[in-house]
Number of protein chains: 2
Amino acid sequence: MDDDALSTADLLRALGNEHRLTILEWLADPRSHFPEQRDGDLVDDGVCVGFITDKIGLSQPTVTNHLQCLAKVGIVNSKRIKNWAFYKLAPERLQQLEAALSKVAATASRIQKSP
Amino acid sequence: MDDDALSTADLLRALGNEHRLTILEWLADPRSHFPEQRDGDLVDDGVCVGFITDKIGLSQPTVTNHLQCLAKVGIVNSKRIKNWAFYKLAPERLQQLEAALSKVAATASRIQKSP
DNA sequence: CTTCTATATAGTTATTTTGCTATTTAGGTA
DNA sequence: TACCTAAATAGCAAAATAACTATATAGAAG
C-alpha cells in the first residue's frame, strides 16, 4: 500500500535488531526450526506467532510487535487462518536491500581502485 | 581491535539512519560530492569532518558522532593528518554485510521454491 | 608562548525503541 | 450461549538514540 514512502534506512533499521534477525533466519527455513502446524503449512503459509514466541523466549505481545515491525517494511507477509496469524519471509525485499548495499559497495570499490 | 564481538545486527543498526546512509553514499564517491582538500586526498585519505558537516547541515559534534558510529562497526576508517580527521569508506565491510543478507535471502528462496 | 582552528568530549534534552502486563478482539468449541 | 484460545492492542517504564550547546584538546601558525 503505502510502500513507496519506505526508505532503505527504514529497512535497515527493521533488520538492526538481534531478535528480529533471529526470527528472520528461522523464517527463511521454517521446517528446520519449527514442528509442523495443524492449520497452515510452515513454508506455504508461514509460521504462527505462538511457535516463535515459545522459541524466542519473549512475551507474545513483544513478538507480535517485532513481526509487525518486519511486516511494515515488507520483509515478512502475514496471513490469518482461523485464529492463527502466520508470518512468512519475503525474500524479494531482502534481495532489494542487498542490491542497494551492493551498489554503494561497488561504487566505493571502483573509485578506490582507480589510478 | 574488539572487532569480533560485532554482530550483523550492530552493522545493520549503524546503517539504519538516513543521515549515516547519506554520508556513506558521499564517502563512496568523494570527488563527486566534495571539493579537493589541501591536506589529505579525498579518495586515498578520506573526507574531513568539516566538509561533511557543512554539506549535511547538522552540528559538528553530531556529525562526529555519526562518523564514530560508523567507525565502531568498521564501515569507515579514520585517519588524522595535522588537525584534520579524515573518514574513508571500507567497502569490504559492506560486502560482508551484503553476503550475510544474501545468504538468508537465498535460503528462503530455495526453500520456498521447493516442490 | 599565545592564539587559532579542527575535532572530540561532556552534559542535557526530546524522541524512539524495546520490553512488560493487562485487556480486547475474533474465531472455534462444548 | 458461554467459554477457550490465539493474536492484537493499550498503556506504561526503562533504555537507547539523536540532536543540541558548551567546553576541552591538540596541532599549527604567528
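Because the structure is a prediction, the values reported are computed rather than measured. So you know, we letter chains A, B, ... as the sequences are listed, proteins then strands, and number each from 1.
- Between B/R80 atom CZ and C/dA6 atom C1' there is a gap of 7 Å when expressed in whole angstrom units.
- Among residues two or more places apart in sequence or in another chain, the side chain to side chain contact (heavy atoms under 4.5 Å, CB included) test is passed with A/Q96 by A/R93.
- Nearest nucleotide to the side chain of A/K82, out of C/dG28, C/dA8, D/dA8: C/dG28.
- Residues forming a side chain to side chain donor-acceptor pair (under 3.5 Å) with A/K82 (at least two apart in sequence, or on another chain): A/D39.
- Of the candidate nucleotides D/dA8, D/dG27, C/dT7, D/dA8 has the atom nearest to the side chain of A/T64.
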Would you check, one step at a time, whether the test side chain to side chain donor-acceptor pair (under 3.5 Å) holds for B/E25 with A/T107? CA-CA 9 Å; B/E25 274 158 32; A/T107 299; over 6 Å; no
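- Using a 4.0 Å cutoff on non-hydrogen atoms, the parts of residues 18-35 of chain B near DNA chain D are B/H19, B/R20, ordered by number.
- Rounding to whole angstrom units, CG of residue A/N65 and P of C/dA22 are separated by 18 Å.
- A donor and an acceptor atom, one from each side chain of A/Q68 and A/S78, are nowhere located under 3.5 Å apart.
- B/Y87 has no side-chain polar atom (N or O) that falls below the 4.0 Å cut-off from OP1 or OP2 of C/dA6.
- The backbone N or O of B/V47 sits nowhere less than 3.5 Å from a side-chain atom of B/Q37 that would complete a donor-acceptor pair.
- Separating the CG atom of B/L67 from the P atom of C/dA8 is a distance of 8 Å, rounded to the nearest angstrom.
- Ring geometry for A/F34 against A/F51 counts as parallel: the plane angle stays under 30°, on a 0 to 90° scale with 60° as the upper cut.
- Between B/N17 and D/dA18 there is a side-chain N or O to OP1 or OP2 distance below 4.0 Å.
- B/Q112 contributes a side-chain N or O that, together with a main-chain N or O of A/L89, makes up a donor-acceptor pair within less than 3.5 Å.
- Across residues 37-62 of chain A, A/C48, A/V49, A/G50, A/Q60, A/P61 each have a non-hydrogen atom less than 4.0 Å from an atom of DNA chain D (numbered order).
- Residue-to-nucleotide contacts include a donor-acceptor pair under 3.5 Å from the side chain of B/N83 to the base of C/dT5.
- B/K72 has its NZ atom 14 Å from the C1' atom of C/dA8, to the nearest Å.
- At whole-Å resolution of the value, CG in B/L15 and P in D/dT17 are 14 Å apart.
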Between the protein and nucleotides 13-16 of chain C, are there any N/O to N/O pairs under 3.5 Å, and if so, what are the atom names and distances?
none

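- In the model, B/E98 has no side-chain atom that pairs as donor or acceptor with a side-chain atom of B/S102 under 3.5 Å.
- Checked by atom type and distance alone, the side chain of B/K88 never pairs as donor or acceptor with a backbone atom of B/K79 at under 3.5 Å.
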For the pair A/T53 and A/T64, evaluate side chain to side chain contact (heavy atoms under 4.5 Å, CB included) and give the outcome as yes or no after the intermediate values. CA-CA 9 Å; A/T53 298; A/T64 290; over 6 Å; no
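- Looking at B/S7 and B/D10, their side chains do bring a donor and an acceptor atom within 3.5 Å of each other.
- Rounded to whole angstrom, the span from the CH2 atom of A/W84 across to the P atom of C/dG28 amounts to 9 Å.
- Between the axis at the start and the axis at the end of the helix from C/dC1-D/dG30 to C/dA30-D/dT1 there is an angle of 10°, using five pairs per end and rounding to 10 degrees.
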